There are 2 protein chains.
Amino acid sequence: MTGERTATLDDVARAAGVSRATASRVVTGQGPASPRARDRVTAAVAALGYVPDASARALVTRTGTRLAIAVIGHTAAVLDDPYVGRVLISAAHVAAEREVGVSLHWLPLDDPGSLARLADGRGLGGLVVVNPTRPALESVPRTLRGRVAAVGVGARHVPSFDVDNRAGTDGVVRHLVRTGRHRIAMVTGPAWLPCCDRAVDAYRRVLRDSGAEPRIVHGDFTAARGAEAATEIMARWPDTDAVFALSDLTALGVLDGLHALGVRVPGDVAVAGFDDIAFAGLSRPALTTTTHPVEDIAAAAAQAVLDRRDTSGATFYPSALVVRDSA
Amino acid sequence: MTGERTATLDDVARAAGVSRATASRVVTGQGPASPRARDRVTAAVAALGYVPDASARALVTRTGTRLAIAVIGHTAAVLDDPYVGRVLISAAHVAAEREVGVSLHWLPLDDPGSLARLADGRGLGGLVVVNPTRPALESVPRTLRGRVAAVGVGARHVPSFDVDNRAGTDGVVRHLVRTGRHRIAMVTGPAWLPCCDRAVDAYRRVLRDSGAEPRIVHGDFTAARGAEAATEIMARWPDTDAVFALSDLTALGVLDGLHALGVRVPGDVAVAGFDDIAFAGLSRPALTTTTHPVEDIAAAAAQAVLDRRDTSGATFYPSALVVRDSA
DNA sequence: TATTGCGGTGGAAGCGCTTCCATGTATGGG
DNA sequence: CCCATACATGGAAGCGCTTCCACCGCAATA
């Protein structure tokens, strides 16, 4: 099996009785090759267990071989949320299928140049930006045009993939209204994340339809912040009868904060989240939420980048309402 | 900044007025170089924004540049558990710091040859095996000796890094005993995972000391299985007054199953988990558990591999008891 | 039959880098 | 003052691969 020395394309060519050029054509599938040559090379490849050397190939094709995943706005809390892990797993999976390496980069929020620097190096096959901000996205050099995609909606000129959080939010908030809630507060994400805007917009719209005033508090997608937010909301608008958080983790925190306040859920206040993480069904009361197909989204972004598909514009993935006990 | 063509070592050498050989020596830090040459090359590198081409370097040094992370025994449920995500994030972080790419591989449990095949290709700088099984670990070719590490304890001849689940389990079960529980059941991990053995062993030992019979049920680290296990346990040993699960996710499932059975926690039955995931503090009742420094462990494994450190033997990381409400 | 066109093929160049080796150039001891 | 020693340096080879280009033989056309 594993000989002393791994077989090279030369070995294959020699074994197949053709030139290295022909062997290369057959192996890559590019360029003409007679059926006879094709068969012989294929056989030789199998016999020798030939595996092309990615470095050598990358060197000559100048086709970067690494998929960089950049997470913008990194804080330690990011690790608690399954979100980044799921994005990473899914993107890495796509990359692995194509024998492409992955590198992960945590980028600070306040240094947009860091993305540009990251993209500077060669050997970069593509870039997936998680939590895209407009300045960051605009800082990536146009050399990479067509090889960048975002998970989450950011700037216009980079293809981005995200859950349809406008529709998702609409669904959740309408469900709240339908079940008799009218004084609904919302805990959004951090202000710098453009993709929250659409959700906030949807929330505002539904409330306007039902003639209610928006009650918005900013969050950061952590549970701790959710607990705080619950306290803030109940202090500021004591008659609140529902809280919608743009993240399940935050919603779970809201549940916790409300419990500490002695508020009953869903009796006094209904709570709904967003993401449908594994734990949403495990909380007491089980969390009503709406799905977030993170894996699909991340895979799509990775594929777009790896295929050099220049699909600018945003693609939205549907979110489905999951009604449990909390709302 | 980003010129039309990225600078090559030749450009640097020319700008510095030295030969490419000298430039290479300075850049890599290998081999002799006069202070003068060193300065001039360093300046040229900075001026031109030179970044070495990883592919070209890898091609000639034959030093693989990819860190492969193989997760053995893949099922869809793996994605629900934050565990793999955290391992991956941490290992990828270490790899990124050293400018090494990462590739992720899901391997089926029943095909030990797959690991060998994975390791066959060139360009592989190292291999981190998650959920190591003995046969899998023994199937990796000795060519990679010193470049393989395991997250979780498996075979002897590969350095492995894991939480000290013997001590962790001991701590949790003793806590249970200390708080008056004596009919303690345990939900372990899947039978094929060798690293569970130590935990089961510790559990048995504590029970023997307190003169109780072990009550062991196999799990698979999922919440769904936890709920099932709770039902099984209460049916088989109705007088059970505590359940210890080797995974928080499972413990959360146990909580759920017990709730469905109308059993009060911790009134009737105490429940404890293992891992201290972010949600452990958010369940109702909040889960008593013991910590699992996944990030440290994964980083250590990645470092060992990338440094070609041949530290065979197992390294254990301490686990700390976290007492909350459920036990 | 002579000419064109074309698919298949091999020779050879070269991607950017490291490293062996031979060639200087200063240094110390004899 | 000369030679051995060390160190610094540049030339050149070569890692494994893709791809340009020239070439060859064949079938189709004039």
Side-chain angles (χ1 to χ4, degrees), chain A residues 3-42 44-45 48-66 99-101 120-125, chain B residues 3-42 44-45 48-66 99-101 120-125:
Chain A
E4 264 326 303
R5 203 176 54 87
T6 38
T8 112
L9 190 55
D10 264 318
D11 300 330
V12 172
R14 210 169 306 125
V18 300
S19 74
R20 182 166 70 228
T22 302
S24 174
R25 275 181 221 112
V26 173
V27 170
T28 58
Q30 307 283 352
S34 65
R36 202 184 91 97
R38 203 176 299 275
D39 290 346
R40 304 195 55 161
V41 171
T42 311
V45 165
L48 273 59
Y50 169 72
V51 180
D53 182 309
S55 304
R57 182 175 280 180
L59 178 58
V60 58
T61 55
R62 324 210 52 41
T63 175
T65 190
R66 200 177 88 239
E99 310 220 309
V100 167
D120 240 12
R122 270 156 306 181
L124 209 165
Chain B
E4 263 326 304
R5 203 177 54 87
T6 39
T8 111
L9 191 56
D10 265 319
D11 300 331
V12 171
R14 210 169 304 123
V18 299
S19 74
R20 183 168 68 228
T22 302
S24 173
R25 275 180 222 116
V26 172
V27 169
T28 58
Q30 308 282 354
S34 65
R36 203 185 90 97
R38 202 176 300 277
D39 289 348
R40 303 196 57 162
V41 171
T42 310
V45 165
L48 273 60
Y50 169 71
V51 181
D53 182 310
S55 305
R57 182 174 280 181
L59 176 58
V60 58
T61 55
R62 326 207 53 40
T63 175
T65 191
R66 200 176 88 238
E99 310 220 308
V100 168
D120 240 12
R122 269 156 306 183
L124 209 165

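Proteins come first, then strands; the chains are lettered A, B, ... in the order of their sequence lines, and each starts at number 1. In this text the structure is predicted, and so the values were computed from the model without any measurement.
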Spacing of [X] atom [atom1] relative to [N] atom [atom2], expressed in whole Å:
X     : N      : atom1 : atom2 : value
B/D39 : D/dA8  : CG    : C1'   : 15 Å
B/D11 : C/dG16 : CG    : P     : 9 Å
B/R20 : D/dA13 : CZ    : C1'   : 10 Å
A/R57 : D/dT18 : CZ    : P     : 5 Å
B/L59 : C/dC15 : CG    : P     : 13 Å
B/R14 : D/dG10 : CZ    : C1'   : 15 Å
A/L9  : C/dG10 : CG    : C1'   : 13 Å
B/D10 : D/dG11 : CG    : C1'   : 13 Å

I need the minimum non-hydrogen distance between [X] and [Y], along with the two atoms involved.
X     : Y     : answer
A/V26 : A/A33 : CG2-CB, 3.9 Å
A/A16 : A/A44 : CB-CB, 4.0 Å
A/Y50 : A/T8  : CE1-C, 3.5 Å

Considering only [options], which nucleotide approaches the side chain of [X] most closely?
X     : options                : answer
B/A21 : D/dG11, D/dC17, C/dG8  : D/dG11
A/P32 : C/dG7, D/dA8, D/dG10   : C/dG7
A/S24 : D/dT18, D/dG16, C/dT18 : D/dT18
A/D53 : C/dG11, C/dC17, D/dC17 : D/dC17

With axes from five pairs an end, tell me the bend angle of the helix from C/dT1-D/dA30 to C/dG30-D/dC1, nearest 10°.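 Angle reported: 50°, given to the nearest ten degrees.
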
If you pin B/V60 and A/T28 to their nearest nucleotides in DNA chain D, which one's is more 5'?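 Its nucleotide being nearer the 5' end, the pick is B/V60.
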
With a 4.0 Å cutoff (strictly under), does any side-chain N or O of [X] reach OP1 or OP2 of [N]?
X     : N      : value
B/T8  : C/dC17 : yes
B/T61 : C/dT18 : no
A/T22 : C/dT9  : no

Within the structure provided, determine whether B/T6 and B/V51 are in side-chain contact (heavy-atom separation under 4.5 Å).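 Heavy-atom side-chain distance check fails, nothing below 4.5 Å.
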
Applying side-chain contact (heavy atoms from CB on, under 4.5 Å) between B/R20 and each of B/D11, B/V12, B/D10, report the one that passes.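 Testing B/R20 for a side-chain contact (heavy atoms from CB on, under 4.5 Å) against B/D11, B/V12, B/D10 leaves exactly one candidate, B/D10.
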
Rounded at 0.5 Å granularity, tell me how far CZ in B/R57 sits from CG in B/L9.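 Atom-to-atom, B/R57:CZ and B/L9:CG are 9.0 Å apart.
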
Is any N or O donor-acceptor pair between the side chain of B/R25 and the base of D/dG10 shorter than 3.5 Å?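 Side chain to base: pair found, below 3.5 Å.
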
